[in-house]
Amino acid sequence: MERRKRILITGAAGFLGSHLCDRFIKENYHVIGMDNLITGRLKNIEHLFKLENFEFYNHDVSKYIHVPGELDFILHFASPASPIDYLKIPIQTLKVGSLGIHNCLGLAKVKGARVLIASTSEVYGDPTVHPQTEEYWGNVNPVGPRGVYDEAKRFQEAMTMAYHTYHGLETRIIRIFNTYGPRMRLNDGRVLPAFIGQALRGEDLTIFGDGSQTRSFCYVDDLVEGIYRLLHSDYAEPVNIGNPDEITIGQFAEEIIKLTNTSQKVVYHDLPINDPKQRQPDITKAKAILGWEPKVSRSEGLKLTYDYFCGMSEEELRHKEHNNFDNYIVK
Ligand code: UDP
């Protein structure tokens, strides 16, 4: 009988990591989840603990990684991923993208595993090319508030490519655009949980700037399908995965107001520094190489996500801090 494929997923308890664990369990892989639970939550994966083909390590991937046994694949998804998070923990954000990927690549080399890394549309910064193609090099401020995330991800791509070209390691790079769905943290500062949380608590929706900045939102199941296909492809250059359906944040707030049937209004706050004015993925490559395109419309995806948040207890909904930052000592 053929051996079950073994995959290590870093950031397994996070929003994307947990959905990836589910997908690879469904595909009958042996899944080894790893997370230090700074921004991830065990709640996202607790349903997997009873399975014999799932195991979990509470470990910081910025430190040396040891995984016993064989490994076929590594998905590096550990990283804070929202502006609020990486402002709170800038050094860890830089470390997980740099030391963390170095450890993952070293482990992959020893095990002969293929590595897929989660990169981001943030490598394009505040883009001057629209929509963003993979050939665009970006417009990033290295010392701005987003620099710790953007530059860590750019370094991560460079390091991954170096292992590919120098060591002949099999590597894949996905550039993820704004993604949403169940298991996002209510108060991670991202626009969708921010708006839905505000609507559910009866607060006004906070638009940063005048709301004319754009984003393109991809439902998580579509993203996971793109990752699955890219991992099994033979393409080592970066690939954008996202939904090109672009919308202004002002329009997005209107959609959330309608969806949640709230009588709340929008209020305007200052735009954060270096907040990208526009963002839309060019997915020509993903279509051609992976035969992939998003299937879930924003109205369907938002409904599914809203249902998830509606299932939260009142206590959870009103609890401002869903993580253990306060207990976390920044080293
Ligand atoms: N945003 C907003 N109100 C909020 C949270 C975010 O208007 O309460 C804006 C934010 O300034 C940005 C957009 O929504 O222009 C998307 O923000 P998010 O943090 O979700 O993602 P990113 O900026 O990383 O794409």
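All residue numbers in this chain count up from 1 along the given sequence. When a ligand or atom number is given, it counts from 1 through the structure's own listing order.
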Ring centers of Phe24, Phe73 separated by less than 6.0 Å: no

Mind checking who shares a hydrophobic cluster with Val115, ILVMFWY linked at side-chain heavy-atom distances under 4.5 Å? Leu8, Ile32, Met34, Tyr57, Val61, Ile65, Val67, Leu71, Ile74, Val96, Ile101, Leu105, Leu107, Ile117, Phe155, Met159, Met161, Tyr163, Leu169, Ile173

Is it true that the NZ or CZ of Arg23 lies under 6.0 Å from the centre of Tyr228's six-membered ring and within 45 degrees of the ring axis? yes

The protein residues that pass the under-4.0 Å heavy-atom test against ligand 1 are Pro83, Glu122, Arg146, Asn178, Gly189, Arg190, Val191, Ala194, Phe195, Thr206, Ile207, Phe208, Gln213, Arg215, Ile249, Pro272, Asp275, Arg279

Among Arg279, Lys277, Gln213, Gln278, which residue meets the side-chain hydrogen bond (donor to acceptor under 3.5 Å, both in side chains) test with Asp126? Lys277

Any salt bridge between Lys303 and Glu300, counting N to O under 4.0 Å? no

CD (Glu255) with more than 12 external heavy atoms under 6.0 Å: yes

